[in-house]
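For reference, the structure discussed in these notes is given below.
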Amino acid sequence: MATKSKTGKGGAHAPVKDKGRGGQPGSQRLAPRAEEAARPVAAALPKEVTVDAAITVRDLATLMQRSPIDLIKILMQYGIMAPITHTIDHDTAVILGEELGVMVKWPPTAIREEEEVAEEKAGSMESPRSRTRIQQVMAEQEAAQLEDRPAVVAVLGHVDHGKTTLLDRIRHTDVAAGEAGGITQRTGAYQVTISGRKITFLDTPGHEAFTAMRARGAQVTDIVVLVVAADDGVMPQTKEAISHARAAGVPIIVAVNKIDKANANPQRVMEELAKEGLQPEAWGGDTIMVELSALTNMGIEDLLDNILVLAEVEQYKANPKGSCVGTVIEGELDKHRGVTATLLVQNGTLRRGDTLVVGKTWGRIKAMFDYEGKIIKEATPSTPTVVLGLQEVPMAGDVFERVSHDRIARQMAEERRLAGAIPAQETRRTMSLEDFFARFEGGEAKTLNLIVRADMQGTLEPIIKSLNDLTNEEVAIKILQASIGDISESDVMLAEASDAVIIGFSVGVDKAAVVRADQSGVEIRHYEVIYKMLEDIEDAMKGMLEPVYNEIVIGHAQVLQLFKLRKGFVAGCMISDGLVKRGALAKARRGAEEIVSGARVETLRRFTEDVAEVRQGYECGINLTQGDELLKEGDIIEFSERVRVR
């Protein structure tokens, strides 16, 4: 008779002894309860489950018919302390499934999404800080889809020349009074409506310490307003602002400010600007110059009218229904709101709830605000907006792009982050005289950007004239900046932003400039003799020109006999002079008649051995890429090769 059943830990039935027939001890067995005996046998555990992009631990355990404790233990092994309400992504679910012997699959509707990951990554920008993707998107837009967009205007100039005060008057606010020391400390973006038309302004810092930020401002804008104080004239940072605007290839409108001051001299300002290459319209040039006073509001309307006229002439357009891309103007960690970023939409329409990849981070937009702090639901092209929802603070100048799924954004950002973690990240090489040939053979614009520094004005002027004389129809020399004194860090920043080479003539280099040049790969060349400098530049320009080839005859052969093969013919030849090479150009003559042209030597044999070349006095077998069936005994084959002469 069986002993009384006992339950062990967890309620499982303990094995009991069954004496079997005659009361002898028998095999062990479980004594089932009455209700368990009546229950059908449990179904086998699932071998595969379907999981979407995210699922809680509890729900996944239910799908797998496992205890949540089993899943939590596995997560702990991977260093993840997760309660049963913790949400995990699909990839983590796959790992848990592998540990438990269950295949985790995507639902049918997500299979296409997986393919979209590769497609969106393939179409996304290659470099987070590059504008290539924005240019690519703009190029893809059909003309019928393009609509007018507001012009984006950057306000540049020397410190304390009145840039922010000018914007205050334009947008009727008082930002300048609240800034530390009256100096703009970060880039701001504002949008105003003038005569029913919108203009987007970027208020970029003018202080020397913010040269790089100013360069970024010029690169994302359509028009640059250069503010010059009428009582102060052209200053070092004014020249740098001109250089950055030129490097970005955007038109410049000069705002001659502070003309209300007693010592204002607008005529002197125009003369100084003319020396920098900005010829006023009043003098027959093409640079718009507006005299104004930001303090008294005089001339502000004239400036705005000129901006609108220039925008109408240039016809700035974008596709509000196309791919959404743009640039980060600034990012910060707000102690109340968390990660915030000021974005400038350059194509498409950005909406609340969109998922973005921004440089090496990503996020879903939780809230959007305009420049006044008002909540908005969407931002169209040329609209600046402050957004919440990014995982990390983006870098100013990063390109953002909308993607269709959080999973895609997370994967793309992670790949970029891993790529950025490569040891001793490869330095971004800017242009150098040595690599011009390779860069321009790739079809890039044939312009050599130079920044020139000399020890004295008497030396600088002939250098600039000589360099300009080297410009021709095929290759242009563009001098972004030419000035007196040692090479500074701001020179390196400009070269870094514009792929320029720095030419120093009898000058030194600041320590900070040396360090930054090493980090960014900017080339600095030093010269003491002007002819050596011009010689090097001229050699670089020759390398930039389209290559020219000459066809040089290298040898002749006489056909002695023809051999018919399954595929074509082989001509048994004697090399009468020079040599023949495999791959050489070939043409055959019969007397004065040319019977074969445009062929190449496909195979070259000596007896049964393939050879690379055969010289005068030796016999060989030659197979041409075309026309060998036309050959006859006695024909002369001429061999040549193309030699680069420039």
Side-chain angles (χ1 to χ4, degrees), residues 120 123-125 128-142 145-154 171 187-193 197-204 216-223 248 250 311 314-332 339-359 361-390 393-404 409 412:
E120 295 204 34
S124 68
M125 53 280 184
R129 297 182 63 80
S130 163
R131 297 184 70 220
T132 304
R133 176 55 178 161
I134 295 174
Q135 294 167 345
Q136 176 188 340
V137 168
M138 297 301 293
E140 290 172 353
Q141 308 304 311
E142 296 182 11
Q145 298 175 320
L146 296 178
E147 299 179 9
D148 291 335
R149 63 171 176 81
V152 180
V153 180
R171 57 194 172 93
T187 301
Y190 319 97
Q191 194 169 59
V192 298
T193 302
R197 297 170 60 187
K198 291 182 178 180
I199 303 175
T200 299
F201 285 94
L202 299 184
D203 180 13
T204 57
R216 183 194 70 233
Q219 288 171 348
V220 298
T221 57
D222 305 311
I223 300 171
V250 294
E314 296 291 338
Q315 293 186 337
Y316 302 115
K317 294 181 180 292
N319 181 7
K321 298 179 181 177
S323 301
C324 186
V325 292
T327 303
V328 177
I329 301 301
E330 64 184 12
E332 63 177 331
V339 174
T340 67
T342 303
L343 308 180
L344 179 67
V345 180
Q346 292 173 273
N347 194 76
T349 300
L350 187 65
R351 296 181 176 85
R352 189 173 61 195
D354 284 347
T355 300
L356 301 180
V357 181
V358 188
T361 187
W362 70 282
R364 176 176 288 188
I365 298 178
K366 298 177 181 177
M368 298 173 62
F369 306 90
D370 64 9
Y371 74 93
E372 294 179 324
K374 298 177 182 177
I375 296 176
I376 57 176
K377 293 183 179 179
E378 63 180 30
T380 52
S382 296
T383 301
T385 177
V386 177
V387 302
L388 307 181
L390 297 182
V393 178
M395 295 182 66
D398 277 351
V399 173
F400 73 82
E401 181 175 11
R402 179 174 58 205
V403 295
S404 55
M412 290 171 64

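Because the structure is a prediction, the values reported are computed rather than measured. Position 1 is the first residue of the sequence, and the numbers go up from there.
Looking at every heavy atom in both residues, Gly359 comes nearest to Asp398 through CA-OD2, 3.9 Å. Considering all non-hydrogen atoms of both residues, Glu147 and Pro320 come closest at OE1-CG, 3.5 Å. Taking each heavy atom of Pro381 and Pro150 in turn, the nearest pair found is O-CD, 3.6 Å. Closest heavy-atom contact between Arg351 and Met368: C-SD, 3.6 Å. Heavy atoms only, all atoms of each residue included: Ala189 and Tyr371 are closest at O-CB, 3.4 Å. Closest heavy-atom contact between Val328 and Pro394: CG1-CG, 4.0 Å.
Taking CG of Leu344 as the reference point, atom CD1 of Ile329 lies at 5.0 Å (rounded to 0.5 Å). Atom CZ of Arg149 and atom OG1 of Thr383 lie 10.5 Å apart (nearest 0.5 Å). Atom CZ of Arg352 is separated from atom CD1 of Ile376 by 10.0 Å, given to the nearest 0.5 angstrom. Here the straight-line distance linking atom NZ of Lys377 with atom CD1 of Ile365 works out to 15.0 Å at 0.5 Å rounding. With rounding to the nearest 0.5 angstrom, the CD1 atom of Ile199 is 7.5 Å from the CD1 atom of Ile223.
Within the 3.5 Å criterion, the main-chain N or O of Ala311 finds no donor-acceptor partner in the side chain of Tyr316. Under the 3.5 Å distance criterion, the side-chain polar atoms of Thr200 are matched with a main-chain donor or acceptor of Ser382. Under the 3.5 Å distance criterion, the side-chain polar atoms of Asn347 are left unmatched by any main-chain donor or acceptor of Ala318. Side-chain atoms of Thr355 never come within 3.5 Å of backbone atoms of Val403 as a donor-acceptor pair (strictly under, hydrogens ignored).
No side-chain heavy atom of Asp222 sits less than 4.5 Å from a side-chain heavy atom of Glu314. Within the 4.5 Å cutoff, the side chain of Phe369 has heavy atoms near those of the Leu388 side chain. Contact of the Leu356 side chain with the Leu343 side chain is registered, since non-hydrogen atoms from C-beta on lie closer than 4.5 Å. A 4.5 Å side-chain heavy-atom check between Val345 and Phe400 finds at least one atom pair inside the cut-off.
Partners of Lys374 by side-chain contact (heavy atoms from CB on, under 4.5 Å), not counting sequence neighbours, listed by chain and number: Asp370, Glu372.
With 3.5 Å as the limit, one finds a donor-acceptor pair spanning the side chains of Gln346 and Thr327.
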